[in-house]
Protein chains: 2
Amino acid sequence: MDARRTSLSANETRTRILDVAQALFAAHGFDATSMRMITGDAGVNLAAVNYHFGSKDALVQEVLKRHLRPLNGSRIQALDAAEAAAGGAPVKPSVIVESFFSSPLELAAGSDAGREFMRLLGRTFTEPSPMIRDFLVTEYEEVIGRYREAFCRALPAVPVEEILWRLHFMLGAMSHAVAGVDSLQVLTGVKVDEPDAMQRMAPRLMSFLLGGLRAPLPGPDGRIE
Amino acid sequence: MDARRTSLSANETRTRILDVAQALFAAHGFDATSMRMITGDAGVNLAAVNYHFGSKDALVQEVLKRHLRPLNGSRIQALDAAEAAAGGAPVKPSVIVESFFSSPLELAAGSDAGREFMRLLGRTFTEPSPMIRDFLVTEYEEVIGRYREAFCRALPAVPVEEILWRLHFMLGAMSHAVAGVDSLQVLTGVKVDEPDAMQRMAPRLMSFLLGGLRAPLPGPDGRIE
DNA sequence: TTAGAATTCAAACGTTTGTTTGAATTGATG
DNA sequence: CATCAATTCAAACAAACGTTTGAATTCTAA
């Protein structure tokens, strides 16, 4: 009826669905977000999600892929650059950590949508659904492999298993930190919701991660020192 | 029809529901676990949950409370003991960390059910549901307050906000680590499923946390050193 | 302008969800 | 043994879920 535009272009419908779905997934979780909530908020027909994406599961994957692909791409790019700068020599652990964690932190600090996505991604790691589990394994396979190799070259004296544990811990710390984890947020009083929270958090998290990475390994008896 | 016992005692029905619910919640998440799955696996009638607990939400809270109450109780007990041992003087940060994190790690290492519960608890932190959020805030209020105070007394030179950030990071690292986070588990190759995984993880995590806690604070410009 | 593909739409599909009901059964107490 | 409360049970409830359908509409090209 409008003189200018009476309906959305096909691509605009897609991106509006993706934007709204990301916001709702982040706010309520995948299961608690219904197709009717998504299409309602997006102002599109209920059948639009199935038409454009096939199913709700496919939409979930598409929402995650949209920003995760570029994110892991820039992680690999950063590691490539660091290795090139090192010229054959192993890259320093701190540089590896920095190149792995600066991309997501910049994404989270860059825009509201970026913060929203990282919050969603942090929650996604704890999703037990096989579909999401398989998706994450596929998406992270390459980047984790590259960084594991880089760590092993940088710390040849440290057993691989120890490196994997620390990588696991670091991923968990960042994941929870950017996810906000509202409960802990309220408990600790740290406000992750504010727009500039990520800028203030990033250097603190990076320092914490490097401190953890450099911590002395526990002896065979479990004693720390 | 059995000569020995034809039905369950009322309390046995309750605990069987709690046990089965905990296992299913940990395996599939709260939303993806239906009342019919719970009552079916427990071998009780569908209406039993509503009769004994009132609602599914109430069952969720009861499952969490059952082990979280004693867990946070022993945390406070450990801090009490540490403060008594210090006799008026501030408790060393490493001792505070140890007293906070050793209880959950022991719980996770003690039994399959303990590991299962800690895995569930780790996932619970990322649940966006208001009901769970409010529940966690209430349950953690006291213990977080006590430990925050202890940290502030131990590190008077460090601003409160910095302490809260680090507490937040440490909680995230442990939470993710014990939750297993199957995706990362597969990616990093770290097997958290095995029975003795927690015993091997605990000292490594503790060392990592202390390293992060002791890391240098970033300067006002965000530089680490 | 017209034919055909792409997209939108309202309506309904069959399932599954958590919860409730009222009768049947069990356990404890007198 | 009789009584009453506690518990279990099969059955049904309304509501919400993801998905499908076929017609209506819009867009694209010839």
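Just the heavy atoms: all of them, side chains too, but no hydrogens, waters or symmetry mates, feed the values below. Every chain is numbered from 1 and lettered A, B, ... according to where its sequence line falls, protein lines coming before strand lines.
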Which part of the nucleic acid, if any, lies within contact of T33(A), taking any heavy atom under 4.0 Å across all strands shown: a base, the sugar-phosphate backbone alone, or nothing?
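Sugar-phosphate contact only.
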
When all nucleic acid strands are considered with a 4.0 Å heavy-atom cut-off, which category describes A47(A): base, sugar-phosphate, or nothing?
base

Run the salt-bridge test on E139(A) and K65(A) with the 4.0 Å N-O cut-off and return the result as yes or no.
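K65(A) and E139(A): not salt-bridged.
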
Send over the distance from [X] [atom1] to [N] [atom2], rounded to a whole Å.
X	N	atom1	atom2	value
R36(A)	dC17(D)	CZ	C1'	6 Å
E12(B)	dT7(D)	CD	P	14 Å
N50(B)	dT19(C)	CG	C1'	5 Å
D57(A)	dC17(D)	CG	P	16 Å
R16(A)	dT7(C)	CZ	P	16 Å
I17(A)	dT7(C)	CD1	P	12 Å
M35(B)	dT19(C)	CE	C1'	7 Å
L59(B)	dT17(C)	CG	C1'	15 Å

Write down the atom of M118(A), the atom of A108(A), and the distance for their closest heavy-atom approach.
CG-CB, 3.8 Å

Closest heavy-atom pair, N45(A) versus A47(A), reported as atoms and distance to 0.1 Å, is OD1-N, 2.9 Å

For [N] and [X] - does any side-chain N or O of the residue sit under 4.0 Å from the phosphate oxygens OP1/OP2?
X	N	result
H52(B)	dA6(D)	no
T13(A)	dT8(C)	yes
N45(A)	dA10(C)	yes
S34(B)	dT17(C)	yes

Considering heavy-atom distances to DNA chain C, does L46(A) or Y51(A) have its closest nucleotide positioned more toward the 5' end?
Y51(A)

State yes or no: are the ring centers of Y147(B) and F101(B) separated by less than 6.0 Å?
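Between F101(B) and Y147(B), which both carry aromatic rings, the centre distance is not below 6.0 Å.
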
Check: Y140(B) ring centroid to F125(B) ring centroid under 6.0 Å
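They qualify: ring centres under 6.0 Å apart.
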
